[in-house]
Amino acid sequence: MSEVGFLPAVGTMTAKLEDDNGCMTLFSLPDGGMSVSLVTTSGKECCRLSISRDYSKAMMWIGGSLGERCYSLDTALMMLYAFAAAPHDTILVHASAVEYEGRGYLFLGKSGTGKSTHSRMWIENVEGTKLLNDDNPVVRITDDRVYVYGSPWSGKTPCYLNRSVQTGGVIRLHQASYNRITQLTGVKAYAALLPSCSFMK
């Protein structure tokens, strides 16, 4: 389709997020739903997504080049999953995750910190380590246990595993000239995890 008119009108802006691919703007709609607009770095809108209040229904218009349409569809599906899964004790996390001895370890950090590099170092140096997901694993609490799952979103690494393991640890990485690990608890642990979680805060 070449028009976005079939989607509800854009409502009140609630958030604006920018990255290397462009800008994502979220709007709240009068009926309690939301509208999302994706604009490329060239300033052209390539996607408009309208989502119902309970995330059970969505409509989308996509346009632009093949690459922009693929990016739009992938981003929209990831957002819908993250929003719809959150009420079910499930969250999509921006991290690289490895499996070692039946447990999953998630490496968090800002883009460029070395999450994928850290996972690769585990795989190369800790025998028996396997990559579970390299960009957006799923974390879920079930029966008072925390599990990490592979997902369809693994960034540039083709690692799309339908597999889960109990979580062994979550590590936030910071680049430094030394090696040190500090255990966090309470508010500090929550604050370290929150920026890597994909959901409507």
Atom CZ of residue position Arg53 - does it have more than 12 heavy atoms of other residues, nucleotides or ligands inside 6.0 Å? no
Applying side-chain contact (heavy atoms from CB on, under 4.5 Å) to Thr75 and Met24, what does each step give before you reach the verdict? CA-CA 10 Å; Thr75 301; Met24 178 188 309; 3.8 Å; yes
Quick check for you: to the nearest 0.5 Å, what is the distance between Leu193 atom CG and Leu106 atom CG? 9.0 Å
So, for Ile91 and Cys197, which heavy atoms are closest and what is the spacing to 0.1 Å? CD1-CB, 3.5 Å
Residues in ring pair (Phe, Tyr, Trp, His ring centres under 6.0 Å) contact with Tyr81, at least two apart in sequence or another chain: Trp153
Which atom pair, heavy atoms only, marks the closest approach of Gly109 to Lys115? O-NZ, 3.0 Å
Applying side chain to side chain donor-acceptor pair (under 3.5 Å), can you list everything that pairs with Ser119, at least two apart in sequence or on another chain? Ser96
Mind checking the OG1-CE spacing from Thr14 to Met34? Nearest 0.5 Å is all I need. 6.5 Å
Give every residue pair that meets the side chain to side chain donor-acceptor pair (under 3.5 Å) criterion with at least one member in residues 84-95, sequence neighbours excluded. Thr90-Arg140, His94-Asp135
Tracing side-chain links under 4.5 Å among I, L, V, M, F, W and Y, which residues wind up in one group with Leu66? none
Determine, using the 4.5 Å side-chain heavy-atom cutoff (strictly less than), whether Val170 and Val187 are members of one ILVMFWY cluster. no
Please answer whether the main-chain N or O of Met121 pairs with a side-chain N or O of Asn125 as donor and acceptor at a distance below 3.5 Å. yes
Taking all non-hydrogen atoms of both residues into account, name the closest pair between Ser37 and Phe27 and its distance. CB-CE1, 4.2 Å
side-chain contact (heavy atoms from CB on, under 4.5 Å) partners of Ser116, counting only residues at least two apart: Asp134
Val165 and Arg103: CA distance, side-chain angles, deciding distance, side-chain contact (heavy atoms from CB on, under 4.5 Å) verdict: CA-CA 5 Å; Val165 289; Arg103 296 287 177 124; 5.8 Å; no
Any non-hydrogen side-chain atom of Leu132 less than 4.5 Å from a side-chain atom of Pro137? no
Salt bridge (Lys or Arg N to Asp or Glu O under 4.0 Å) filter on Glu124, not counting sequence neighbours, yields Arg120
Which residues end up grouped with Ile123 if you chain together Ile, Leu, Val, Met, Phe, Trp and Tyr wherever their side-chain heavy atoms are less than 4.5 Å apart? Val98, Tyr100, Tyr105, Phe107, Trp122, Val126, Leu131, Ile171, Leu173
Do Val139 and Val146 have side chains that approach each other closer than 4.5 Å (heavy atoms only, starting at C-beta)? yes
Quick one: are His118 and Thr113 in side-chain contact, heavy atoms under 4.5 Å? no
To which residues is Ile181 joined in a hydrophobic cluster, defined by side-chain heavy-atom contacts under 4.5 Å among Ile, Leu, Val, Met, Phe, Trp and Tyr, whether direct or through other members? none
For the CD1 atom of Ile62 and the CZ atom of Arg48, what is their distance to the nearest 0.5 Å? 14.0 Å
Spatial distance of atom CG (Leu38) from atom CD (Glu45) [nearest 0.5 Å]: 8.0 Å
Residues in side-chain contact (heavy atoms from CB on, under 4.5 Å) with Lys44, at least two apart? Thr40, Ser42, Glu68
Can you list every pair that meets side chain to side chain donor-acceptor pair (under 3.5 Å) and has a residue in residues 158-169, with sequence neighbours left out? Glu99-Arg163
Whether the side chain of Gln175 engages the backbone of Gly114 through a donor-acceptor N/O pair (distance < 3.5 Å, no angle test) should be reported. no
Between atom CG of Leu29 and atom OG1 of Thr12, what is the distance when rounded to the nearest 0.5 Å? 8.5 Å
Verify same cluster id: Met78, Tyr149 (apolar side-chain graph, 4.5 Å): yes
Show the numbers, then the answer: is there a side-chain contact (heavy atoms from CB on, under 4.5 Å) between Val39 and Thr25? CA-CA 8 Å; Val39 177; Thr25 309; 5.8 Å; no
Give the minimum heavy-atom separation between Leu184 and Lys188, together with the two atoms involved. CD1-O, 3.9 Å
Between Arg69 and Gly64 (side chain of the first, backbone of the second, donor and acceptor by atom type, cut-off under 3.5 Å), is there such a pair? yes
With sequence neighbours excluded, tell me which residues meet salt bridge (Lys or Arg N to Asp or Glu O under 4.0 Å) with Arg172. none
Does Gly33 offer a backbone N or O that forms a donor-acceptor pair with the side chain of Asp31 under 3.5 Å? yes
Rounded to the nearest 0.5 Å, what's the gap from CG on Leu194 to CG on Leu108? Could you check? 11.0 Å
Using modelled atom types only, decide if a donor and an acceptor are shared between the side chain of Ser151 and the backbone of Asn136 within a distance under 3.5 Å. yes
Listed partners of Thr185 passing side-chain contact (heavy atoms from CB on, under 4.5 Å), at least two apart: none
